Number of protein chains: 2
Amino acid sequence: MKLTANKIAGVLREHGYKLTPQRHAVLKVIAASYAHLTPEAIYEKVHLENSDIGLVTIYRTLDILRELNLVCRMHAPDGCRSYMMRRPTEHHHHLVCSSCGRVVDFAGCDLVDLEKRLARETRFEINGHLLELYGLCPDCNLASR
Amino acid sequence: MKLTANKIAGVLREHGYKLTPQRHAVLKVIAASYAHLTPEAIYEKVHLENSDIGLVTIYRTLDILRELNLVCRMHAPDGCRSYMMRRPTEHHHHLVCSSCGRVVDFAGCDLVDLEKRLARETRFEINGHLLELYGLCPDCNLASR
DNA sequence: CAGTAAGTGAAAAATATTATCATTTGTAAT
DNA sequence: ATTACAAATGATAATATTTTTCACTTACTG
Ligand SMILES: [Zn+2]
Ligand SMILES: [Zn+2]
Ligand SMILES: [Zn+2]
Ligand SMILES: [Zn+2]
């Protein structure tokens, strides 16, 4: 995981944002996790180390991290708002374990043919898509036998 | 649109639900629309004709209609909970106009190859997906020039 | 070290959804 | 038709989620 404090500071400053301990704490929690996390979950994890951060700041920070492409906001099987470290820089999607929340990023969604076909058939101008795959990760799958 | 009152009544009764005027009103509003509607929007439309239906009943009714596969619950570009008449009976997805909300259903999402590849690579047991396409319908596209 | 704009926390407000409960009503059996 | 009763409803309250406001604090600049 190549997310040095320096790099974060750089990205924030580049865009005129200050590097506050709160922002650092939030990013640290997200960077440490390979599962998606809700704002509430992030709040709780942040609190274990740093108990004077308000939930509001979590929300505000997440908005900024999202804007700077440092995190992905995603739709989990059980909720429409959670966040992940953004690890691939290119267009990608998420395969999510509905039991433990673990996420595997994948590229190559390859919807262009479908989109072309539909654009032709419907005359829509298609400009985006939402795609998430759900399932059970190997660990949870074994555990459930 | 082949949604006769009789047919609705039948589906409801088959599953032990009563056919109330409220349920009929909700379904009528949804059946008349080719755009996705939020619970609030449905509430407002229902009220134009029938002002004594509570929002709670809208929610309850939508749950049931969803369970009976009479409506689709979907993710719109601007919100994670809206409803559409379910017109195709088979597995399908939605192409949504982000300006007017109009929805075109389409089948043939064809994610099986992708899912197979990922199942092999990740050892996940994949059991579902969320897919919505977004764009501008021909009318809104023209209007925006 | 200031000076200052940006950031923060606490609280309140705005939204969205679900639960509770007394009353009403659709249905089916008289 | 009348009745019996489980199911459904509306009003209200409760819960949950997200945003706004504002006085105070702090990270950055020079
Ligand atoms: Zn991602
Ligand atoms: Zn994609
Ligand atoms: Zn549909
Ligand atoms: Zn599909």
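It should be emphasised that the depicted structure is a prediction, and the values quoted were computed from it without experimental measurement. All chains are named by letter (A, B, ...) in the order of the sequence lines, taking the proteins before the strands, and each is independently numbered beginning at 1.
In this structure, A/Cys137 and A/Cys100 have side chains that are in contact, with non-hydrogen atoms separated by less than 4.5 Å. By the 4.5 Å heavy-atom criterion applied to side chains, B/Phe124 and B/Leu118 are not counted as neighbours.
Taking atom NZ of residue B/Lys18 and atom C1' of nucleotide D/dA4, one finds them 11 Å apart after rounding to whole Å. Here C/dA6 presents its C1' atom at 11 Å from OH of A/Tyr17, a figure rounded to the nearest Å. Computed from coordinates, the B/Arg23 CZ to C/dT27 P distance equals 10 Å when rounded to whole Å. Taking atom CD1 of B/Ile53 as the reference point, atom P of C/dT24 lies 18 Å away to the nearest angstrom. At whole-Å resolution of the value, OH in A/Tyr83 and C1' in D/dT18 are 10 Å apart. Distance A/Leu62 CG to C/dT8 C1': 15 Å, rounded to the nearest Å. Remark: P of C/dG9 and CD1 of A/Ile58 are 8 Å apart, rounded to the nearest angstrom. For the pair B/Leu12 CG and C/dT25 C1', the interatomic distance rounds to 15 Å; values are reported in whole Å.
Between the side chain of A/Glu132 and the main chain of A/His75, a donor-acceptor pair closer than 3.5 Å is present. Formation of a donor-acceptor pair under 3.5 Å by the B/Ser98 side chain with backbone atoms of B/Gly135 is found in this model. Using modelled atom types, one side-chain atom of A/His93 and one backbone atom of A/Leu131 make a donor-acceptor pair closer than 3.5 Å.
Not one side-chain nitrogen or oxygen of B/Arg60 sits closer than 4.0 Å to the OP1 or OP2 atom of D/dA7. Put simply, B/Gln22 has a side-chain N or O that comes within less than 4.0 Å of OP1 or OP2 on D/dG10. One finds no side-chain N or O of B/Thr57 lying less than 4.0 angstrom from the OP1 or OP2 phosphate oxygen of D/dA8. Residue B/Thr20 places at least one side-chain N or O under 4.0 Å from the OP1 or OP2 atom of D/dT9.
A distance of 11.0 Å separates OG in A/Ser144 from CG in A/Asp139, rounded to the nearest 0.5 Å.
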Hey, what are the protein-to-nucleotides 15-18 of chain C N/O distances that come in under 3.5 Å?
| from | atom 1 | to | atom 2 | distance (Å) |
| --- | --- | --- | --- | --- |
| C/dT17 | OP2 | B/Tyr59 | OH | 2.5 |
| C/dT17 | O5' | B/Tyr59 | OH | 3.4 |

If you restrict it to nitrogen or oxygen atoms, what contacts under 3.5 Å exist between nucleotides 28-30 of chain C and the protein, and what is each distance?
none

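Ring pair A/Tyr43/A/His47 is tilted by interplanar angle, where 30° to 60° counts as tilted.
If you look at A/His129 and A/His91, their ring centroids are closer than 6.0 Å.
Shown here is A/Glu90, whose CD atom has more than 12 heavy atoms of other residues, nucleotides or ligands within 6.0 Å.
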